[in-house]
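First the proteins, then the strands, lettered A, B, ... as listed; each starts at 1. Heavy atoms only: backbone and side chains are in, while hydrogens, waters and symmetry mates are out.
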Number of protein chains: 2
Amino acid sequence: MTAQARGLHARVLESLGPAITGGEYPPGSVLRTDELSQEFEVSRSVMREAVRVLESMHLVESRRRVGVTVLPTEEWNVYDPQVIRWRLAGADRPRQLRSLTVLRSAVEPAAAGLAARHATAEQCAALTECAIGMVAHSRGGRLEGYLLHDVEFHRTILRASGNEMFARLGDVVAEVLTGRTHHRVMFEDPDPAAVTLHVKVAEAVRERDAARAEELTREITLGALEELDVLAP
Amino acid sequence: MTAQARGLHARVLESLGPAITGGEYPPGSVLRTDELSQEFEVSRSVMREAVRVLESMHLVESRRRVGVTVLPTEEWNVYDPQVIRWRLAGADRPRQLRSLTVLRSAVEPAAAGLAARHATAEQCAALTECAIGMVAHSRGGRLEGYLLHDVEFHRTILRASGNEMFARLGDVVAEVLTGRTHHRVMFEDPDPAAVTLHVKVAEAVRERDAARAEELTREITLGALEELDVLAP
DNA sequence: CTGTGATCTAAAAGTCATACTTAATGTGCT
DNA sequence: AGCACATTAAGTATGACTTTTAGATCACAG
């Protein structure tokens, strides 16, 4: 799933990034490029490139005569897909999943409303198809197939909203949905009510009923929030 | 306002980044690091670091034997504060401002609702103070002072929501508000209704009335959207 | 003659090592 | 306290070498 490290600097990042977001180097820690480059057995140039990337994510700050300082969490670019992935892979995955779900429940209803106004015929068709796919895979522990259609459904809604900021959250939603499926009891079929809601949203969008699409999507995300309250602390 | 270029690679970025987001190098364009490093009169190492950062923003992709290719807009990390700044400084500022305002109107009401549940006493006090400041500067063309309190108000709401994803949008909202003020007729005082709404939101949060805080904030952002429809295409 | 597939070539990124510069921190002296 | 200075780690520049791979070239079979 994750892109194979295509270059040394990327391989270093895949190791150093999670270490930082995972708290292995807590904020305030000071690293030195030379030491790091020895530790990872790469040249200084490679390590410098990796540090530059971390710096652009506001995970660290590099200052002369001091070193590379890990920044406090509030500074991090938490919308960076790579940062999100690293954090989801780490220890505070539950907290991360929660904050992303809250974001979802704010954004998706609005996106659905816009989608009802802007979706193309193809996007409407895609939505219906996804909904059908969800129904088809909603029983008998066929969670993988269900997830696939679920993800595509929400991706399509976000894209169809016509707002690039919304569209860009498709990956985030995909992560959340995938994370949820893989942490749920694997034998449990998805909530039938949720499936129905998706079908209805596809309908509402097709019929250009923005208010209804928004309200129905709100119910979906509300369900996701409640589910989170049940499963997580 | 923008951080002074602290290093050659940053200076290159401040020039190359906007050039890409501004369409000077349209998606599909191929750049070569050697040529760039000559053009910008920096060493290859510096240019490589700059390219790495652009790559981490998904603005470009670097492939062997091909060069550095500018990626299509849909790939860009549009939540990266730097990318946002570059785009706001460029030609499609209006479109960008619109999509950010839509995002705002989805997120802020939800954030206000959460803030009513989670805001600390200090944050409540800060909100009230901001609202008072807005009232105080709402007449007589004192837009600068008004803006300052407006920005701080929304920042506080987002932070008080307790959701880090929301909190991180403080800078975005600040940009939008600043942009709006500086593009409006400068003699026009802010809408009194909006001022009142802010005061009421502060009240609602203080009184832990989540539903009311949410609804009032929705009215504020709705106003921002309408304003956009009037001013922009 | 054409299409398919293996092979070769060269172009550009990637990596590494080294020498040198610059800025900032902390120390020690007055 | 204030200032000069030494030290440290990042920043910059350059050159040599490696690796990947797009695209051309060529060979062979249909």
Counting just side-chain N and O atoms, does A/R65 come under 4.0 Å of either OP1 or OP2 of C/dA23? no

Between D/dT14 atom P and B/R48 atom CZ, what is the distance in whole Å? 16 Å

Answer with yes or no whether A/R44 presents, from its side chain, a donor or acceptor under 3.5 Å of a partner atom in the base of D/dT12. yes

Looking only at the side chains, is there a donor atom on one of B/E14 and B/Q82 sitting less than 3.5 Å from an acceptor on the other? yes

Distance check needed: D/dA13 P versus B/F40 CZ, whole Å only. 14 Å

Can you see if the side chain of A/S43 gets near the phosphate of C/dC16 - specifically, an N or O under 4.0 Å from OP1 or OP2? yes

Select one nucleotide: of C/dT25, D/dT12, D/dT20, the one nearest the side-chain heavy atoms of B/R64. D/dT20

Option passing salt bridge (Lys or Arg N to Asp or Glu O under 4.0 Å) with A/E164 (candidates B/R95, B/R87, B/R98): B/R87

Salt bridge or not between B/R85 and B/E175? Use side-chain N to carboxylate O under 4.0 Å. no

Taking atom types as modelled, is there a side-chain donor on A/S45 or B/S45 under 3.5 Å from an acceptor on the other? no

Protein-nucleotide distance (B/R11, atom CZ; D/dG11, atom C1'), rounded to Å: 12 Å

Whole Å only: how far is the CZ atom of B/R32 from the C1' atom of C/dA12? 9 Å

Using the side-chain heavy atoms of A/T33, tell me which of these nucleotides is nearest: C/dA11, D/dA10, D/dG15. D/dA10

Counting side-chain heavy atoms from CB outward, which of C/dT15, D/dA13, C/dA19 is closest to B/V42? D/dA13

Could you go through residues 146-158 of chain A and list every donor-acceptor pair under 3.5 Å that involves a side-chain atom there, pairing it with any protein atom two or more places apart or in another chain?
{"residue": "A/H149", "atom": "ND1", "partner": "A/G145", "partner atom": "O", "Å": "2.9"}
{"residue": "A/D150", "atom": "OD1", "partner": "A/H154", "partner atom": "NE2", "Å": "3.1"}
{"residue": "A/D150", "atom": "OD1", "partner": "A/H198", "partner atom": "NE2", "Å": "3.3"}
{"residue": "A/H154", "atom": "ND1", "partner": "A/E108", "partner atom": "OE1", "Å": "2.7"}
{"residue": "A/H154", "atom": "NE2", "partner": "A/H198", "partner atom": "NE2", "Å": "2.9"}
{"residue": "A/R155", "atom": "NH2", "partner": "A/D171", "partner atom": "OD1", "Å": "2.3"}
{"residue": "A/T156", "atom": "OG1", "partner": "A/E152", "partner atom": "O", "Å": "2.7"}

Nearest-angstrom distance from the residue atom CZ of B/R6 to C1' of D/dT12: 16 Å

Nucleotide D/dT12, atom C1' - distance to CE of B/M47 in whole Å: 13 Å

For a quick check of understanding: with a heavy-atom distance under 4.0 Å over all strands, which category does B/R63 fall into, base, sugar-phosphate or nothing? sugar-phosphate

Determine the contact category for A/S45: base if any of its heavy atoms lies under 4.0 Å from a base atom, sugar-phosphate if only primed atoms, P, OP1 or OP2 are that close, otherwise nothing. base

Quick one: A/E61 CD to D/dA9 C1', roughly how many Å, whole number? 15 Å

Which one, D/dT21, D/dT7, C/dG14, comes nearest to the side chain of B/R52? C/dG14

Which whole-number value in Å describes the distance from B/D34 CG to D/dG15 C1'? 13 Å

